[in-house]
Undergrad: 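Handing you this structure, nothing more for now.
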Protein chains: 2
Amino acid sequence: MTQAARTRPAPIPDAANEDLREAGDAPSPMDQGDAAEAPSYDLIELLFFAYRDFVADPDRILAEYGFGRAHHRVLHFVDRHPGLTIAELLDILRITKQSLNRVLKELIEQGYIAQRTGTSDRRHRLLTCTPDGRALAQRLAGVQGERVRRALAEAGPALRDPASRFLLAMIEPEERPAVSRLIAGGGPDSKVKP
Amino acid sequence: MTQAARTRPAPIPDAANEDLREAGDAPSPMDQGDAAEAPSYDLIELLFFAYRDFVADPDRILAEYGFGRAHHRVLHFVDRHPGLTIAELLDILRITKQSLNRVLKELIEQGYIAQRTGTSDRRHRLLTCTPDGRALAQRLAGVQGERVRRALAEAGPALRDPASRFLLAMIEPEERPAVSRLIAGGGPDSKVKP
DNA sequence: CATTTATGTCAGTCTTGTTGACATATCTCA
DNA sequence: TGAGATATGTCAACAAGACTGACATAAATG
């Protein structure tokens with residue numbers, strides 16, 4: 001078998017072994033000056049685990065194509081916002097143009113993304129998905145959407161709005177308007193938002 | 001200036017340029033067989049942006065120490081669960097022991113994490129934070145906790161519970177009990193959970 | 001005592017991020 | 001028109017952090 005994370009009989013350890021008790025045994029309240037509030041370890045760790053599983057689904061599919069997460073992100077945002085320029089993509093992904101270029105080039109060469117020259121500004125490269133690219137992007141969004149759908153079905157559809165609001169509030173305040181616009185602009189009405 | 005993501009005057013592009021309209025202009029409903037439900041693009045993208053900002057805070061601090069995210073994760077879980085063994089850590093992080101070993105070795109060499117041999121099973125290596133490691137772990141948890149605190153303060157403290165439940169539901173079903181136990185076992189009562 | 005388990009380690013590869021330096025085409029403004 | 005700014009492309013080198021495969025050791029277990 002592979003050496004990845006051992007045999008992994010049980011997913012996550014119980015952390016309930018004899019030895020564990022003899023250890024320093026967990027972070028007590030600590031010397032928090034006075035008013036210091038303890039961090040929300042539960043939400044911090046839930047975010048970690050939720051995200052870990054959230055990206056695991058696409059990873060499996062991407063591997064079939066020889067792509068990685070970087071390709072996924074590019075494909076996703078181009079699919080959602082056809083006509084996106086390089087600069088806009090860079091601002092969304094927060095990577096260097098060299099990093100972007102490597103994966104973008106692969107996606108273009110392999111026929112998942114197409115480039116056109118902007119008409120009003122011919123320096124721009126307008127990115128769109130080819131039918132293949134669109135299909136892959138939607139397959140990826142499909143598995144992620146399915147996880148969200150299942151989560152809401154199990155934990156209650158009423159959680160949809162609170163979850164959205166919490167996640168938005170977790171975003172850097174100055175970015176929130178832009179993110180909101182970006183998300184809102186994904187629908188059939190697109191990003192026409194002057 | 002650096003070449004990272006251009007000058008970035010505005011954080012995220014408006015995606016509202018002339019050219020964008022001439023583009024294919026956004027994924028319409030599409031030919032979803034019939035009952036196919038559209039993925040929750042809003043939650044999918046919010047999770048992406050929220051996580052991006054969520055890890056950006058620690059990243060800045062870690063850079064001061066010459067550490068990366070991998071070190072953070074190890075330090076975090078060892079701090080929260082002193083006495084953790086290598087195998088348990090591997091199951092939490094889902095990486096190979098070779099990957100873990102590289103960062104763990106650095107953390108040990110530089111005096112942030114200590115190892116002891118298990119008493120009941122002397123094959124185990126029980127990991128704990130040194131005072132320095134504990135300080136760093138808590139500084140990192142501090143900035144992440146502060147983001148959570150601020151989010152809840154701004155969007156409403158009532159969101160805490162729904163957000164938790166949503167995130168837990170996003171986790172792979174078989175993992176949820178283990179994650180719940182792990183999270184619950186982080187307090188002063190530790191993971192004593194037989 | 002043979003086997004399994006927990007850990008450590010060497011060596012090589014891949015993806016994805018980084019810097020720095022330049023090149024080219026196009027737009028904008030004086 | 002011509003200078004400078006802007007959008008993009010590209011070369012080269014490097015680093016972090018993941019992976020695989022192979023093998024070594026110590027300790028527990030039946």
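Numbered from 1 within each chain, the chains take letters A, B, ... in sequence-line order.
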Undergrad: Tell me the interatomic distance from Asn101(A), atom CG, to dA7(D), atom P, rounded to whole angstroms.
TA: 16 Å
Undergrad: Taking the six-membered ring for Trp, is the centroid-to-centroid distance between Tyr41(B) and Phe48(B) below 6.0 Å?
TA: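 No.
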Undergrad: For the residue pair Glu45(A) and His76(B), confirm or rule out a side-chain donor-acceptor distance under 3.5 Å.
TA: yes
Undergrad: Heavy-atom contacts under 4.0 Å between residues 61-75 of chain B and DNA chain C, which residues?
TA: none
Undergrad: Of all the nucleotides listed (dT7(C), dT16(C), dT8(D)), which has the minimum atom distance to the side chain of Val103(A)?
TA: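 Per side-chain heavy atoms of Val103(A), the pick is dT16(C).
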Undergrad: Donor-acceptor pair, Thr130(A) side chain versus Gly111(A) backbone, under 3.5 Å?
TA: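 Indeed, once roles are kept as given, a pair shorter than 3.5 Å links the two residues.
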Undergrad: Taking the side chain as everything from C-beta on, heavy atoms only, tell me whether Arg149(B) gets closer than 4.5 Å to Ser40(A).
TA: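 Not touching, per the 4.5 Å side-chain cut-off.
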Undergrad: Figure out the CZ/C1' separation between Arg122(A) and dC27(C), and round it to whole Å.
TA: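 My rounded result for the distance is 11 Å.
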Undergrad: Are any of the side-chain nitrogens in Asp57(B) or Arg60(B) under 4.0 Å away from the carboxylate oxygens of its partner?
TA: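 Yes.
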Undergrad: I want to check one thing: is the phosphate of dC19(D), taken as OP1 and OP2, less than 4.0 Å away from some side-chain N or O of Thr96(B)?
TA: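 Yes, within the criterion.
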Undergrad: Counting C-beta onward and ignoring hydrogens, is there a side-chain heavy-atom pair between Leu43(A) and Leu47(A) closer than 4.5 Å?
TA: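 Result no, sub-4.5 Å side-chain heavy-atom pair not found.
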Undergrad: Could you tell me the separation between the CD1 atom of Ile108(A) and the C1' atom of dG9(D), rounded to a whole number of Å?
TA: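 Roughly 11 Å, once rounded to whole Å.
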Undergrad: Send over the distance from Ile86(A) CD1 to dT10(D) C1', rounded to a whole Å.
TA: 13 Å
Undergrad: Just wondering, do Phe54(A) and Phe49(A) contact through their side chains at under 4.5 Å, heavy atoms?
TA: no
Undergrad: Looking only at side-chain atoms of Lys97(A), point me to the closest of dA21(C), dA6(C), dC27(C).
TA: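 Given the options dA21(C), dA6(C), dC27(C), the side chain of Lys97(A) is closest to dA21(C).
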Undergrad: Figure out the NZ/P separation between Lys105(B) and dA18(D), and round it to whole Å.
TA: 16 Å
Undergrad: Tell me: CG of Leu100(B) to C1' of dC19(D), nearest whole Å?
TA: 14 Å
Undergrad: For the pair made of CD1 in Ile95(A) and P in dT8(D), what is the distance, rounded to whole Å?
TA: 14 Å
Undergrad: Does any part of the side chain of Leu126(A), heavy atoms only, come nearer than 4.5 Å to the side chain of Gln115(A), both counted from C-beta?
TA: no
Undergrad: Counting C-beta onward and ignoring hydrogens, is there a side-chain heavy-atom pair between Phe67(A) and Leu75(A) closer than 4.5 Å?
TA: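 They are not in contact (no side-chain heavy atoms under 4.5 Å apart), so the answer is no.
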Undergrad: Which listed nucleotide (dC19(D), dT9(C), dG17(C)) is nearest to the side chain of Arg102(B)?
TA: dC19(D)
Undergrad: Please evaluate the base of dG21(D) for a donor-acceptor partner in the side chain of Gln98(B) within a cut-off of under 3.5 Å?
TA: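 Answer yes: a donor N or O sits under 3.5 Å from an acceptor.
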Undergrad: For Gln115(B) and dG8(C), is the shortest distance between a side-chain N/O and OP1 or OP2 below 4.0 Å?
TA: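 Affirmative; the distance criterion is met.
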Undergrad: Between Glu109(B) (CD) and dG8(C) (C1'), how many Å, whole number?
TA: 13 Å
Undergrad: Just report the end-to-end axis angle for the helix from dC1(C)-dG30(D) to dA30(C)-dT1(D), five pairs per end, to 10 degrees.
TA: 30°
Undergrad: Quick one, Arg176(A) and Glu154(B) - any side-chain contact, counting heavy atoms below 4.5 Å?
TA: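 Yes, their side chains come closer than 4.5 Å.
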Undergrad: Is a donor-acceptor pair below 3.5 Å formed from side chain Arg123(B) to base dT5(C), judging by atom type as modelled?
TA: yes
